[in-house]
Peer 1: 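Sending over a structure as structure tokens; questions will come in a sec.
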Number of protein chains: 2
Amino acid sequence: MQITRETDYAIRCVQYLSMSPDRIIMIDEISKAKMIPKSFLAKILQRLTKEGIVRSFRGVKGGFQLTKKPKEISILDVIVAIEGSVAMNKCAIDSRLCDLSNACTVHPIWIEMRKWLEDKFREYTFADLIKR
Amino acid sequence: MQITRETDYAIRCVQYLSMSPDRIIMIDEISKAKMIPKSFLAKILQRLTKEGIVRSFRGVKGGFQLTKKPKEISILDVIVAIEGSVAMNKCAIDSRLCDLSNACTVHPIWIEMRKWLEDKFREYTFADLIKR
DNA sequence: TAAAACAGGATAAACTTAGTCCTAATTAAA
DNA sequence: TTTAATTAGGACTAAGTTTATCCTGTTTTA
């Protein structure tokens, strides 16, 4: 039921980048500010880059920057980038993964929960997470 | 983000018991009907018994039975019985588990999500899961 | 050309999941 | 009263996932 540390770190990281969307920020700075192990954070940022949430700059003065405005990035985007989906049961990702395929009365709940979670997490943008 | 197989099995199991709330049903029958490994199911039922969702009867003609009516048991009850809570992040269980204790702008989201999930899962009772 | 950054792959320890297996206790019925 | 059926509970384990680390390579600026 819980998200992983990796996802938690990813959200913190994007939240930090959202506070200075114009700057290019190094892994080291984010790591220190958000208490995220540096080499693990490097991996996470690699993933966020591949998923198009941040862009990276290599070399001296390199670092990371959001590709979009904070209000255009949702928590859902980050969770999906790291975990693939917000489904709570594998059958809500692909119903063939269920061994009770026919007539499982619980299945519709997992489908509904998935949609509901997507809607909820889409509502939270990183613009909301920086106004304090 | 996902529930465990154990929780999935527990829900299926309670759903099966809900279909015949007056009968006492053996592990073996549930195992076969719901495609749950028998010895694993035994452990799950042990837990459900401890948590007061089912009662057990030992010996010949023994088995399990719900302690309450299907409409009085929610999916939330079963998830909490098996997983402890529906919190998506450990900081939503105990805020001391957060290393950013002070001023984490994401924290309120996990608290809110937890409350919503509790409400949502409480709405689904096993009475809903048998009328089909 | 040197130093500063990220990219990507390999590796691994710790933890969790998803079970199994064995013995003991309990109960109904022969 | 014995036997067979059934759950209780503890120990154990294989496989998978999580949470990282480390090393080498590439890119870029000064």
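The chains referred to below are lettered A, B, ... by the order of the sequence lines, with proteins before strands, and numbering in each begins at 1.
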Peer 1: Rounding to a whole Å, what distance do you find between K90(A):NZ and dT17(D):P?
Peer 2: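 Checked: the NZ to P distance equals 11 Å.
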
Peer 1: Once you round it to whole Å, what is the distance between P of dT19(D) and CD1 of I82(A)?
Peer 2: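 That distance rounds to 12 Å.
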
Peer 1: Is the backbone of Q46(A) close enough, under 3.5 Å, to the side chain of E51(A) for a donor and an acceptor to pair up by distance?
Peer 2: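 Pair absent, no side-chain N/O of E51(A) close to backbone of Q46(A).
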
Peer 1: Check DNA chain D against residues 51-63 of chain B and give the residues with a non-hydrogen atom under 4.0 Å, in numerical order.
Peer 2: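 Heavy-atom contacts with DNA chain D come from S56(B), F57(B), R58(B), G59(B), V60(B), G62(B), G63(B).
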
Peer 1: Indicate the atoms forming the closest heavy-atom contact of D128(B) with E123(B), along with that distance.
Peer 2: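 Heavy atoms only, the tightest pair is OD2-O, 3.5 Å.
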
Peer 1: Which residue, L45(B), V14(B), I44(B), forms the side chain to side chain contact (heavy atoms under 4.5 Å, CB included) with I30(B)?
Peer 2: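 When L45(B), V14(B), I44(B) are each tested with I30(B), the side chain to side chain contact (heavy atoms under 4.5 Å, CB included) holds only for L45(B).
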
Peer 1: Given 3.5 Å as the limit, does a donor-acceptor pair link the side chain of T67(B) with the main chain of G52(B), or not?
Peer 2: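 Yes, because the side chain of T67(B) sits within donor-acceptor range (under 3.5 Å) of the backbone of G52(B).
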
Peer 1: Could you pick out which residue, K43(A) or E6(B), lies toward the 5' side of DNA chain C when each is mapped onto its nearest nucleotide?
Peer 2: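 It is K43(A) whose nearest nucleotide is closer to the 5' end.
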
Peer 1: Strictly by modelled atom types, are T125(B) and E72(B) linked by a side-chain donor-acceptor pair under 3.5 Å?
Peer 2: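 No.
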
Peer 1: Between atom CD1 in I3(A) and atom C1' in dT19(D), what is the gap in whole Å?
Peer 2: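 Answer to the nearest Å: 14 Å.
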
Peer 1: Could you state the CG-C1' distance from L45(B) to dT6(D), rounded to the nearest angstrom?
Peer 2: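 Going from L45(B) (CG) to dT6(D) (C1'), I get 12 Å.
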
Peer 1: Does Y9(A) make a side-chain N or O approach to OP1 or OP2 of dT19(D) shorter than 4.0 Å?
Peer 2: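 False: Y9(A) side-chain N/O out of range (4.0 Å or more) of dT19(D) OP1/OP2.
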
Peer 1: Whole-Å distance between dT20(C) C1' and Q46(B) CD?
Peer 2: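 In whole Å, dT20(C) C1' lies 14 Å from Q46(B) CD.
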
Peer 1: Tell me the closest heavy-atom pair linking Q2(A) and N89(B), and the distance in Å.
Peer 2: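 Looks like OE1-C, 3.9 Å.
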
Peer 1: Looking at K90(A) and D94(A), is any side-chain nitrogen of the basic one under 4.0 Å from a carboxylate oxygen of the acidic one?
Peer 2: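 Here D94(A) does not pair with K90(A) in a salt bridge, since their nearest N and O are not under 4.0 Å apart.
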
Peer 1: Roughly, in whole Å, what's the span from CD in Q2(B) to P in dT16(C)?
Peer 2: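 So the two atoms are 17 Å apart, to the nearest Å.
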
Peer 1: Given atom CZ of F64(B) and atom P of dT26(C), what is their separation to the nearest angstrom?
Peer 2: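 Spelled out: CZ on F64(B) to P on dT26(C) is 15 Å.
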
Peer 1: Which residues within residues 10-41 of chain A lie with some heavy atom under 4.0 Å of an atom in DNA chain D?
Peer 2: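 Listed by number, they are P37(A), S39(A), F40(A).
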
Peer 1: Output the rest of the hydrophobic cluster of I24(B): all Ile, Leu, Val, Met, Phe, Trp and Tyr residues reachable through side-chain heavy-atom contacts under 4.5 Å, sorted by chain and number.
Peer 2: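 Listed partners: F57(B).
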
Peer 1: Would you say the side-chain atoms of S74(B) and D77(B) include a donor-acceptor pair closer than 3.5 Å?
Peer 2: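 Per modelled atom types, S74(B) and D77(B) side chains form a pair under 3.5 Å.
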
Peer 1: Distance check needed: dC6(C) P versus I44(A) CD1, whole Å only.
Peer 2: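 I44(A) atom CD1 is separated from dC6(C) atom P by 14 Å.
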
